[in-house]
2 protein chains.
Amino acid sequence: MPKPTGPADTPGQQSETALRADAERNRERILEAARRLFGTEGLGVSMASVAREACVGKATLSRRFDTREDLIDAVFVDRMDDYAESAVEALADPDPWRGFTRHIERICAMQAADRGFAAVLTQAFPTAKVIEARRAKSYQDFQELIRRAKATGHLREDFVADDVIVMLMANAGVIAATGDAAPDAWRRLSGHMLRAFATPGAPLPPMPPPPTTRDLYRAMIRYGRPSPDTTGTAS
Amino acid sequence: MPKPTGPADTPGQQSETALRADAERNRERILEAARRLFGTEGLGVSMASVAREACVGKATLSRRFDTREDLIDAVFVDRMDDYAESAVEALADPDPWRGFTRHIERICAMQAADRGFAAVLTQAFPTAKVIEARRAKSYQDFQELIRRAKATGHLREDFVADDVIVMLMANAGVIAATGDAAPDAWRRLSGHMLRAFATPGAPLPPMPPPPTTRDLYRAMIRYGRPSPDTTGTAS
DNA sequence: TACTAAGTGGAACGGCCTTCCCGCTTACCG
DNA sequence: CGGTAAGCGGGAAGGCCGTTCCACTTAGTA
């Protein structure tokens with residue numbers, strides 16, 4: 001009877017009875033495949049295609065992660081670490097306003113780099129404990145950052161933490177709509193957003209150039225296919 | 001020979017041989033059903049569900065509109081008229097900057113009022129002649145509006161027409177993400193965007209309040225289900 | 001009124017997805 | 001080693017979607 005360490009107390013997903021070596025290897029392959037597909041296609045890719053990409057049976061996938069949300073949780077832990085870390089870094093900056101602007105730019109860039117992650121930042125996954133913990137932590141730190149940034153006089157007084165969530169939703173929209181037809185369009189948005197958040201005299205990074213009309217049009221055409229963003233709520 | 005009883009000789013789609021009375025009635029029912037479903041669920045609802053909602057057979061639907069794009073074109077003609085009209089109205093305003101701000105607010109509101117239309121404004125449908133004509137017209141007028149608004153000194157010099165497309169994509173993202181859990185979140189975004197576009201002293205409408213944290217969180221949870229935005233490219 | 005072609009809905013089909021199940025393989029412990 | 005249960009893959013069943021075909025209905029005309 002392999003009855004190793006404590007039973008099921010790791011947050012989030014499945015039983016935690018320590019996998020057999022080959023099983024663990026498969027688990028890893030699934031995570032890699034999912035990371036790849038989520039990144040390029042968005043959350044919402046079929047579980048079947050994840051299994052196919054990982055070269056495992058469909059059964060193996062759902063045995064390891066019985067809901068899509070579990071898979072998402074496992075895939076994006078690292079990214080959420082980076083996300084939470086960004087707020088910490090921002091707080092560490094001696095100039096809170098510079099910390100603020102860089103934080104905004106960093107998290108927008110994180111969204112742009114991974115389409116699935118862009119969605120993760122704008123959705124809540126109640127059962128994904130790990131993700132939600134990181135999100136909460138970042139939110140806390142961000143509140144403090146706001147307080148300090150306002151004290152410099154460069155951040156608008158009416159700015160609130162939830163504005164950043166709205167911004168992330170907006171940015172996700174731009175990223176989903178432009179895809180790789182206009183891969184830098186999001187920079188233009190984040191440039192605008194910083195200008196919206198800043199008070200008149202505040203120092204700002206230079207405004208990124210707009211995407212070319214041609215690229216934007218290509219993006220509008222290309223757009224259309226598979227942007228499900230679906231989560232498949234746990235049953 | 002059936003007479004040409006104004007059954008809308010809309011360009012673009014199907015044969016235009018004037019439908020029989022009952023067929024025309026069905027066509028209308030399909031359009032109503034599609035308008036309703038596109039508005040609440042987004043483009044991307046299954047053609048089958050449109051047929052069901054319209055109480056016609058699936059065959060009837062695809063006989064009348066052989067591609068989803070045709071249906072979209074027919075459904076959104078009026079909305080696109082309003083859209084193009086908004087730019088005209090803006091040009092008619094003696095104060096170009098006020099015309100500009102109102103135009104921005106109006107088109108964002110149009111997106112918020114109809115989820116399908118929000119998608120239409122950020123996608124191109126090469127085969128949907130009617131829609132594309134209106135879009136082009138609006139774009140032209142908007143260029144002129146920009147020119148005049150810059151002349152007032154209230155619009156940033158580095159603003160370009162394509163910025164409004166990026167903004168529409170962003171707004172569509174917010175609308176898709178918040179749905180009716182936080183139905184006014186988009187106003188906050190448009191408020192930010194106007195502040196981003198304006199030069200320091202420019203007169204602006206008051207900043208809309210942010211959505212409540214509670215509503216935003218509900219939106220993040222609720223989000224996830226079926227926001228396909230898909231178009232089903234014509235084959 | 002009677003005829004005919006335009007118009008109809010449902011059945012059938014192929015594709016893709018998910019979930020469940022079952023017989024085979026193999027890692028690991030003794 | 002060798003036995004055993006953990007782990008595996010794929011097939012079956014069931015659900016939706018979109019398309020196509022076909023026998024029936026009915027609007028409009030003569």
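A, B, ... follow the sequence lines: proteins, then strands. Residue 1 opens every chain.
Rounded to whole Å, the distance from CD on Glu28(A) to P on dC8(D) is 13 Å. What separates CD of Glu24(B) from P of dA6(C) is a distance of 17 Å, to the nearest Å. If you take CZ of Arg25(A) and P of dC28(C), they are 8 Å apart, rounded to a whole angstrom. Rounding to whole angstrom units, CE of residue Met47(B) and C1' of dT19(D) are separated by 11 Å. Summarising the geometry, the separation between CG on Leu61(A) and P on dC8(D) is reported as 11 Å, rounded to the nearest angstrom. Separating the CD atom of Glu41(B) from the P atom of dC17(D) is a distance of 12 Å, rounded to the nearest angstrom. Atom CZ in Arg29(B) sits roughly 13 Å away from atom C1' in dG7(C) (whole-Å rounding). When rounded to the nearest whole Å, the span between CG of Asp66(B) and P of dC21(D) equals 14 Å.
With dT18(C), dG7(D), dT20(D) as the choices, the nucleotide that has an atom nearest any side-chain atom of Ala23(A) turns out to be dG7(D).
Contact between the side-chain N/O atoms of Arg27(A) and the OP1/OP2 oxygens of dG7(D) is not found at any separation under 4.0 Å. For dC17(C), one of the phosphate oxygens OP1 or OP2 lies less than 4.0 angstrom from a side-chain nitrogen or oxygen of Arg52(A). At the phosphate of dC20(C), neither OP1 nor OP2 sits under 4.0 Å from any side-chain N or O atom of Arg63(A). Regarding contacts with the backbone of dT8(C), a side-chain N or O of Asn26(B) is found under 4.0 angstrom from either OP1 or OP2.
For Arg79(B), the CZ atom is loosely surrounded, since the number of other residues' heavy atoms within 6.0 Å does not exceed 12.
Residues Asp22(B) and Lys58(B) both approach DNA chain D. Their nearest nucleotides, taken by heavy-atom distance, put Lys58(B) toward the 5′ side. Comparing Ser46(A) and Thr60(B) along DNA chain C, the residue whose closest nucleotide (by nearest heavy atom) sits nearer the 5' end is Thr60(B). Positionally, the nearest nucleotide of DNA chain D for Ser49(B) lies more toward the 5' end than for the other of Ser49(B) and Ala59(B).
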Worked verdict on Arg134(B) versus Asp81(B) for salt bridge (charged side-chain N to carboxylate O under 4.0 Å, His left out): CA-CA 7 Å; Arg134(B) 307 291 193 285; Asp81(B) 282 339; 2.3 Å; yes

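Ion pairing between a basic and an acidic side chain is recognised when a charged N comes within 4.0 Å of a carboxylate O; Asp215(A) and Arg218(A) show such pairing.
The side chain to side chain contact (heavy atoms under 4.5 Å, CB included) test with Met167(B) is passed by exactly one of Thr122(B), Ile107(B), Asp162(B), Leu194(B): Ile107(B).
A perpendicular orientation is assigned to the rings of His192(B) and Phe197(A), their planes being inclined by more than 60° (bins at 30° and 60°).
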